[in-house]
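Worksheet for the structure shown next.
In what follows, chains carry the letters A, B, and so on, assigned in the order in which the sequence lines appear, proteins first and then strands, with residues in each chain numbered from 1.
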Amino acid sequence: MFVERISDALREAAAELGAAGAGFRLERPKDTSHGDLASNIALALASRLRRAPRDIAQDLKERLDGLEGVDRIDVAGPGFLNFFLEAATVGGSLHRILAAAGAYGRNDDGSGRRIMVEFVSANPTGPLHLGHGRQAALGDAIASLLEWSGWQVYREFYFNDAGAQIMRLAESVRARYQQSLGHDIPVPENGYRGDYVAEIADLLRQKVGRRYEGDQGGAALQSMRDFAVAELRDEQKKDLAAFRVHFDEYYPETRLYDDGRVAATIEALDDTGLTYRSDGAAWLRTSRFGDQKDRVMVKSDGSPTYFLPDVAYHMSKWERGFHEVVNVQGADHHSTVDRVRAGLQALGRRPGYPEYVLHQMVTVERGGEEVRFSKRAGSYTTLAELVAEVGADVARYFFLMRRPEAHLTFDLDLALDQSDRNPVYKVQYAHARLCRLFELAGDQYGDGPDVAEAADTSLLDAPIEREVINQLAEFPDFLRRAARARAPHLVCDYLEKTAGLVNSWYQSGHPTRDPARRTLVSDGALRAARLALAGAARIVLGNGLAVLGITAPERMERGA
RNA sequence: GUCCCCGUAGCUCAGAUGGAUAGAGCGACUGCCUCCUAAGCAGUAGGCCCCAGGUUCGAGUCCUGGCGGGGACGCCA
């Protein structure tokens with residue numbers, strides 16, 4: 001590929017000047033007047049060679065002159081090297097894209113290694129909320145980016161199916177159950193008060209009738225707990241399915257106790273000699289590993305803190321062969337990061353294991369006002385309600401289009417808007433109109449896909465065409481960067497920019513602008529070349545949307 | 001009090017290892033459909049990149065100290 005060729009040539013030329021192994025960039029400049037590619041290499045070498053950047057640039061330019069596929073090289077600004085490529089070189093990108101098709105954009109960073117992405121991990125105490133939604137979209141997109149980068153990805157959902165929160169849920173269901181049978185039993189303080197609790201109580205009553213009436217015994221409470229947990233997990237799975245998110249495994253906390261992992265973890269930690277007893281509790285010297293203070297593992301009442309199963313859980317990830325793990329969590333969990341890593345370091349795992357992507361909270365606005373409440377959940381808006389209202393495509397895109405660590409304001413008015421203001425539709429629409437070109441090319445001229453593949457792309461010499469092609473050629477680089485940074489929003493940015501350029505290109509052939517520039521002209525060679533561009537752009541937009549888990553429609557039907 | 005994140009156009013936000021005149025969408029304003037879907041395009045206006053120092057040939061980006069907003073600092077999960 002020509003980018004590598006130029007990059008290699010620059011590296012060689014730098015070595016000849018006595019600066020081997022220098023770091024530099026070769027990228028597409030923002031301003032098209034700066035050529036198809038530009039490098040800062042002369043600037044980067046200036047201090048090392050103790051020469052003026054422009055002087056070095058001139059020297060490099062002379063060494064690189066005559067490079068195949070390059071039309072000319074300019075020295076510009078403070079010492080940039082601007083490369084202007086021959087039209088055939090630029091157009092060549094299109095053939096590579098058309099040939100790779102659905103695989104265009106993939107790389108082999110992971111070279112088949114295993115990696116786990118843990119996300120959502122909601123406790124079964126209520127319906128999923130918008131924070132979970134953001135996490136579902138983020139985790140799934142990060143997982144997908146990693147797959148596109150050659151990793152073997154495992155998606156896991158961890159949930160706490162025991163413990164105090166779950167007992168509060170069980171007690172809340174019990175109260176509603178007894179209430180439905182006419183008993184005046186109040187929902188406990190700190191209990192769950194959403195309508196869904198009463199719904200579960202109703203389902204329970206349909207199933208068991210009055211069997212637990214007045215029964216305050218532990219056995220009844222246990223079975224009510226199990227029933228409620230099963231119901232809520234079921235609901236969460238349905239909500240995730242509607243959001244098109246699927247997991248390889250749902251891992252329950254109780255499994256860690258049942259198979260002895262928690263007990264084994266206590267033993268293993270004791271063996272390190274880093275534990276001690278104080279005030280009746282068992283502590284671990286996590287402060288040795290960068291935690292702010294030591295942490296309690298086992299409380300004075302003999303029960304473990306959350307910390308212990310968490311360490312046990314991550315050891316299980318390691319032992320299951322996941323030596324690379326990305327945990328997607330809300331920023332409110334950030335205090336647990338240091339302590340879990342410290343616990344794992346005590347057991348010999350490397351610092352920085354596992355990796356975390358922490359995201360900020362989500363708020364919803366309608367008409368400029370914050371929307372807070374949900375009928376079913378009582379105190380928050382649920383993911384299911386949002387998806388029902390705006391659809392999975394829009395919801396996913398909106399959750400992904402901001403950096404995880406930035407606060408997200410979900411604008412419902414914008415999400416529901418079926419116009420150019422809505423970035424999702426802008427991207428999908430660009431894809432759909434490209435598909436339409438192929439449909440019409442077939443109808444009107446009998447052109448098949450092979451026409452684009454055989455096209456002479458050097459005919460594409462308009463500035464806008466060159467710009468679109470260079471943008472398409474950058475796609476694999478963007479995906480790689482987004483995967484490495486665990487940053488799906490970079491893909492959104494890329495897609496919006498690409499869609500804008502594609503639309504701009506498309507409109508340049510509008511009848512009132514320049515009919516000669518339309519795609520479906522009678523000149524067969526020209527039409528083929530333009531279809532090659534359209535086909536490549538369709539592939540890029542389609543693949544980009546696929547990475548994000550968003551559909552790429554071949555046709556946009558305007559809603560009522 | 002300690003730690004983490006954020007602070008860029010009226011609004012919501014991008015700005016990869018420091019590089020050319022700081023970008024996009026929305027909102028505002030002006031244009032563009034007898035002909036490939038106007039869910040679009042072309043253009044105009046709008047900036048002390050929170051402040052102050054520092055490093056550098058060069059800082060929105062790195063360092064220090066402030067200010068403002070959010071979050072976390074439990075033998076809670």
Side-chain angles (χ1 to χ4, degrees), chain A residues 23-25 27 29-31 34 38 40 43-44 46-47 52-53 76-80 82 123 125 160 163-166 168 253 278-283 292-293 295-301 303-307 310 330-338 358-361 365 368 401-409 411 414 417-426 428-430 432-434 436-437 439-441 444 477-478 480-482 484-485 487 489-490 492-493 496-497 499-500 502-513 515 518-521 530 534 555-559:
Chain A
F24 64 91
R25 291 165 70 161
E27 61 190 359
K30 283 173 270 184
D31 188 333
H34 294 145
N40 68 341
L43 295 154
S47 65
F80 286 96
N82 293 340
N123 287 341
T125 54
N160 190 322
Q165 303 285 346
I166 300 291
R168 287 222 306 267
E253 187 191 6
S278 174
D279 301 326
W283 298 67
Q292 288 200 308
K293 50 171 284 199
R295 303 293 171 178
V296 171
M297 313 186 302
V298 184
K299 296 186 243 178
S300 51
D301 68 4
S303 63
T305 60
Y306 181 71
F307 165 67
D310 230 13
D332 55 336
H333 283 74
H334 115 263
S335 64
T336 66
V337 173
D338 284 347
L358 300 179
H359 67 85
Q360 291 292 325
M361 291 294 110
E365 282 187 6
M401 67 187 182
R402 304 296 177 220
R403 286 148 66 221
E405 58 270 25
H407 206 95
L408 177 69
T409 304
D411 184 341
L414 181 59
D417 196 313
Q418 292 197 2
S419 80
D420 54 323
R421 297 190 303 175
N422 191 327
V424 192
Y425 294 129
K426 177 171 180 166
Q428 290 184 323
Y429 179 61
R433 71 183 354 167
L434 294 170
R436 180 67 176 152
L437 285 179
E439 227 177 275
L440 291 172
Q444 294 173 13
D477 220 50
F478 252 92
R480 184 195 297 266
R481 196 195 309 168
R484 286 180 179 169
H489 75 277
L490 294 176
C492 295
D493 286 351
E496 282 177 58
K497 174 98 187 290
V502 164
N503 285 331
S504 194
W505 167 76
Y506 182 92
Q507 288 284 352
S508 70
H510 192 272
T512 55
R513 294 175 65 89
R518 68 205 298 267
T519 301
L520 301 177
V521 289
R530 288 174 184 169
R555 214 173 253 267
M556 296 293 278
E557 307 291 350
R558 190 190 272 280

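In this structure, A:Y425 atom OH and B:A38 atom P are separated by 18 Å, rounded to whole Å. In this structure, A:R513 atom CZ and B:C33 atom P are separated by 11 Å, rounded to whole Å. Between the P atom of B:G25 and the CG atom of A:N503 lies a distance of 11 Å, rounded to the nearest Å. Nucleotide B:G74 holds its P atom 18 Å from the CG atom of A:D301, rounded to whole Å. Atom OH of A:Y506 is separated from atom P of B:C33 by 16 Å (rounded to the nearest Å). When the C1' atom of B:U34 is taken as reference, atom CZ of A:R518 falls 13 Å away, rounded to whole Å. Between the C1' atom of B:C4 and the CG atom of A:D338 lies a distance of 9 Å, rounded to the nearest Å. One atom, CZ of A:R436, and another, P of B:A39, lie 14 Å apart when rounded to the nearest Å.
If you check every strand for non-hydrogen atoms under 4.0 Å, A:A406 touches sugar and phosphate atoms only. Contact annotation for A:I166: no contact, since no heavy-atom pair falls under 4.0 Å across all strands. A:A282 comes within contact range of no nucleotide atom at all, as no heavy-atom separation falls under 4.0 Å. A:K293 comes within contact range of the sugar-phosphate backbone alone, with a heavy-atom separation under 4.0 Å but no base atom that close. The residue A:G509 sits close to a base: some heavy atom pair falls under 4.0 Å. At the heavy-atom level, A:A38 lies under 4.0 Å from base atoms of the strands shown. Using a 4.0 Å heavy-atom criterion, one finds that A:R403 contacts the sugar-phosphate atoms exclusively. Residue A:E27 is classed as a base contact, given a heavy-atom separation below 4.0 Å to a base. Counting any heavy atom pair closer than 4.0 Å across all strands shown, A:D411 reaches no nucleic acid atom. Counting non-hydrogen atoms under 4.0 angstrom, A:R433 reaches the backbone sugars and phosphates but no base. Contacts of A:L440 with the nucleic acid, taken as non-hydrogen atoms under 4.0 Å apart, involve only primed sugar atoms and P, OP1 or OP2. When heavy atoms are screened at a 4.0 angstrom cut-off, A:A281 is found touching base atoms of the nucleic acid.
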message: side-chain hydrogen bond (donor to acceptor under 3.5 Å, both in side chains) for A:N123 and A:Q165? Distances and angles first, verdict last.
response: CA-CA 9 Å; A:N123 287 341; A:Q165 303 285 346; over 6 Å; no

message: Test side chain to side chain contact (heavy atoms under 4.5 Å, CB included) on A:M297 and A:W283; report intermediate values, then the result.
response: CA-CA 5 Å; A:M297 313 186 302; A:W283 298 67; 6.0 Å; no

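Contact annotation: side chain of A:N82 to base of B:A20, donor-acceptor pair present below 3.5 Å. Under 3.5 Å, the side chain of A:Q507 and the base of B:A38 form no donor-acceptor pair of N or O atoms. Between the base of B:A16 and the side chain of A:R25 there is a donor-acceptor pair shorter than 3.5 Å. For A:S300 against B:C75, a side-chain N or O and a base N or O form a donor-acceptor pair under 3.5 Å.
Remark: B:A72 base-pairs with B:U2. Criterion, Watson-Crick or G-U wobble with two distances under 3.5 Å. With a cut-off of 3.5 Å on both pairing distances, B:G27 has no Watson-Crick or G-U wobble partner at all. Searching all strands for a Watson-Crick or G-U wobble partner of B:A9 with both distances below 3.5 Å returns nothing. Using Watson-Crick or G-U wobble geometry with both donor-acceptor distances under 3.5 Å, B:A38 finds no partner in any strand shown. In a base pair of the Watson-Crick type (N1 to N3 plus N6-O4 or O6-N4) or a G-U wobble (N1-O2 and O6-N3), with each distance short of 3.5 Å, B:G60 is matched with no nucleotide. Across all strands shown, B:U21 has no partner, as no Watson-Crick or G-U wobble contact with both distances under 3.5 Å is found.
The side-chain ring of A:H34 is stacked on the base of B:A20, judged by centre separation under 5.5 angstrom and plane angle under 30 degrees. In this structure, A:F80 forms an aromatic stack with the base of B:A20, since both conditions hold: centre separation below 5.5 Å and plane angle below 30°.
Candidate nucleotides B:A77, B:C33, B:C5 were compared by shortest atom distance to the side chain of A:H510, and B:C33 ranks first. Side-chain proximity of A:T305 to B:C75, B:C32, B:U12: nearest is B:C75. Comparing B:C36, B:C76, B:G15 against the side chain of A:K299 picks out B:C76 as the nearest. Among B:A20, B:C33, B:C3, the nucleotide with an atom closest to any side-chain atom of A:H334 is B:C3. Of the candidate nucleotides B:A77, B:G71, B:C75, B:A77 has the atom nearest to the side chain of A:T336. Of the listed nucleotides (B:C4, B:G15, B:C36), B:G15 has the atom at the smallest distance from the side chain of A:H489.
Formation of a donor-acceptor pair under 3.5 Å by the A:N503 side chain with backbone atoms of A:A499 is found in this model. Checked by atom type and distance alone, the side chain of A:T519 never pairs as donor or acceptor with a backbone atom of A:R530 at under 3.5 Å.
Rounded to whole Å, the P atom of B:G10 lies 26 Å from the corresponding atom of B:U17.
The shortest non-hydrogen separation linking A:A38 to A:P29 is N-CD, 4.0 Å. In this structure, A:L358 and A:V337 approach most closely via the heavy-atom pair CD1-CG2, 4.3 Å.
Remark: A:S508 is not in phosphate contact with B:A42, judged by side-chain N or O atoms under 4.0 Å from OP1 or OP2. Phosphate contact (OP1/OP2 of B:A38, side-chain N/O of A:K426, threshold under 4.0 Å): absent.
For the pair A:L408/A:H359, no side-chain contact is recorded, criterion being any heavy-atom separation below 4.5 Å from C-beta on.
Between A:A430 and A:Q292, the residue anchored closer to the 5' end of RNA chain B is A:Q292, taking for each the nucleotide with the nearest heavy atom. Between A:L43 and A:V298, the residue anchored nearer the 5' end of RNA chain B, judged by the nucleotide with its closest heavy atom, is A:L43.
For the atom pair CG of A:D338 and CZ of A:R295, the computed distance is 8.0 Å after rounding to the nearest 0.5 Å. Between the CG atom in A:L437 and the OH atom in A:Y506 there is a gap of 5.5 Å [rounded to 0.5 Å].
B:C33 adopts a syn glycosidic conformation, its chi angle falling within 90° of 0.
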